[in-house]
Every structure is written in structure tokens, then in C-alpha cells.
Amino acid sequence: MESARRLIEERALGRKIASVFAPDAWYLKRGLTAGALDAVLPGRTLTTARRRGKLMLVDTSDDGPVLGLHLGMSGRVLVDDEAAGDPLIYASNREVPAWHRFGLEFADGGSLYLRDPRRLGAVELDPDEDRLGVDAFDLTQSQLSRMLTASRAPVKAVLMDQARVAGLGNLLTDEALFRAAVDPARAADTLEATERRRLHRAVQSTLRHTTRRGGSHTGRLPRVVDEPCPKCGAPLLRRTVAGRTTYSCPRHQR
DNA sequence: GATGACCTGTGA
DNA sequence: TCACAGGTCATC
């Protein structure tokens with residue numbers, strides 16, 4: 001995610017858009033059409049690449065619209081046919097032209113494409129940025145503590161709620177809870193102050209770890225039932241928490 | 001806040 | 001052949 005933003009920042013800013021490639025109407029959200037994109041993007045350049053959680057925000061020149069790009073779980077950004085980051089898990093890295101769901105052709109002959117096998121990504125114009133909470137990278141200890149003490153939901157549900165914290169998905173959340181030794185199903189408001197601090201540190205270290213690996217989600221917690229816990233050896237547990245498949249260690253995550 | 005639908009490649 | 005993966009949205 002962050003590496004995709006950086007790729008756009010380093011390689012795509014300042015290049016004049018010649019045309020828009022938007023063959024997949026389903027991929028355009030909130031009433032957006034290919035015609036609307038054609039009407040506003042050609043002639044402009046991309047000026048800034050920002051990110052809030054999993055939503056990429058690309059500003060355009062001459063008071064143009066903000067281009068919102070969602071990668072979903074399997075989407076990747078390609079600039080001049082070059083991808084960012086490590087190969088993702090749960091996603092194919094093959095080159096299939098039909099997986100190009102959206103793109104910008106630049107006047108210099110280059111391009112920016114979203115390649116997304118499973119079509120779970122999305123493109124929108126002028127996205128409502130405030131539907132997302134604080135970006136996980138900027139989450140402070142006291143912000144997290146307030147969220148936790150204010151909710152009786154499972155701690156995993158609080159971490160995954162994009163309106164509270166933007167950017168933590170299923171895998172990252174499991175990994176952070178594993179590192180913090182906290183049971184994902186614990187009601188958020190039952191965490192002690194020391195556990196809340198530990199969880200904050202675990203979120204930060206998980207994020208640092210994954211960005212260092214180029215945004216890939218591979219962590220310390222194996223997502224395999226009955227695999228021995230790398231920390232204490234107990235067979236790992238698999239269940240549904242907050243509506244998502246959840247792996248945790250039944251012994252040391254309390 | 002929980003649940004199921006959406007979508008489609010992957011691997012058993 | 002089919003269960004499963006994940007982020008988001010509509011619905012309860």
C-alpha cells in the first residue's frame with residue numbers, strides 16, 4: 001500500500017495524462033463513469049500522492065479532482081509496467097491483460113495501471129476522506145486507548161474498523177494481537193492499561209515490519225490450524241472473530 | 001456491531 | 001468441484 005503510494009510519487013507525478021483506460025464499469029464506484037473520467041483527467045497531471053489507510057489519494061493539477069484508488073486485497077499499481085513491493089500473498093503475480101481494471105496513459109507514452117485479479121479494488125473521484133479514521137501509522141497511544149475503553153466489541157473489531165483506525169486489515173490485525181499477546185475476542189474495554197500500551201507498540205512494530213518487507217503481510221503468526229505457536233508451541237487456534245477468519249494462540253494470547 | 005454478498009484465483 | 005481468502009457495503 002505504502003509502497004504503491006511511493007511508486008506513484010516517484011514515477012507518476014508531473015506526467016501529463018493523455019487518456020483514461022476504464023473498461024470495467026463495476027470498478028468505478030459512487031456513480032463514477034468512464035465518461036466522467038474522460039471529461040476531467042486528460043490534460044492534467046498528478047501532483048501529489050497521499051494515502052489514508054488503504055485508500056490512495058492522488059491530487060490532480062489545475063484544481064482538478066482527487067483520484068481515489070483502492071487496491072482491495074489483490075490490487076497492485078504498475079507504473080510503466082513496473083510493480084511496487086514484494087509479491088503479495090493470496091494474490092497472483094502473473095501478467096494477464098484482462099486484470100488491468102483501470103489506467104492512465106501518459107502523453108510521454110508511459111502509463112499507470114491498476115492490476116487487480118479479483119476486482120475488489122475500486123476507483124472513485126473526490127472520495128470522502130473523513131469516512132476513514134486516523135491512519136494506523138499515525139495512531140497514538142492515547143487515541144488507541146480511548147477507542148478501546150469506549151467499546152465492548154471484540155478488540156479485533158475495534159482495530160479493523162476503518163472509521164476508527166484506517167489501514168489495519170485482517171492479517172495485520174491478527175499479527176499485532178499475536179505480538180501483543182492479547183486474545184482477539186477479548187472485549188476491548190476489558191484490556192488493562194499495560195495491555196493497551198502493549199497493543200499500541202505491537203501495532204507500530206507490525207506496521208514497521210511489513211513496510212520494511214515492502215508491504216507484504218507475511219508475519220510471525222502462521223495462518224495454519226494446529227501449527228505450533230512460534231512463541232510458546234501451543235497448537236494455533238482458528239475461528240471467526242468480528243466476522244473474519246482469525247488465527248491466534250490459545251495459550252499465550254490472553 | 002454483526003452478518004452476508006460481492007468477486008474470482010488458488011489449491012485441495 | 002468447491003471451499004476459501006480478503007476489503008467494503010447494504011442490511012439487519
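All of these numbers come straight from a predicted model, not from anything done at the bench. Below, chain A is the first sequence line, B the second, and so on; all start at residue 1.
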At under 4.0 Å between heavy atoms, what does Lys54(A) touch on the DNA or RNA strands: base, sugar-phosphate, or nothing?
-> sugar-phosphate

Between the base of dG6(C) and the side chain of Arg244(A), is there a donor-acceptor distance below 3.5 Å?
-> yes

Rounded to whole Å, the CG-P distance (Asp161(A) to dC9(C)) equals 12 Å

Salt-bridge criterion met for Arg30(A) and Asp128(A) (N-O under 4.0 Å) | no

Please report, rounded to the nearest Å, how far the P atom of dT8(C) is from the CD atom of Gln162(A).
-> 5 Å

Between Arg6(A) and Glu9(A), is the closest basic N to carboxylate O distance under 4.0 Å?
-> no

Non-hydrogen side-chain atoms of Leu159(A) and Leu144(A) separated by less than 4.5 Å = yes

Round to a whole Å and report the spacing from CD of Glu175(A) to P of dG6(C).
-> 13 Å

Leu120(A) CG to dG4(B) P, in whole Å, measures 18 Å

Between the main-chain N or O of Gly167(A) and the side-chain N or O of Gln162(A), is there a donor-acceptor pair closer than 3.5 Å?
-> yes

Below 4.0 angstrom, N of the basic side chain to O of the carboxylate: do Asp108(A) and Arg11(A) qualify?
-> no

Choosing from dC9(C), dT8(B), dG1(B), which nucleotide comes nearest the side chain of Arg131(A)?
-> dC9(C)

Under 4.0 Å between a side-chain N/O of Ser151(A) and OP1 or OP2 of dG1(B), yes or no?
-> yes

Under 4.0 Å: is that the gap between some side-chain N or O of Arg30(A) and OP1 or OP2 of dC9(C)?
-> yes

hydrophobic_cluster_shared for Val66(A) and Leu28(A), side chain cutoff 4.5 Å | no

Taking five pairs at each end, how big is the angle between the two axes of the helix from dG1(B)-dC12(C) to dA12(B)-dT1(C), to 10°?
-> 40°

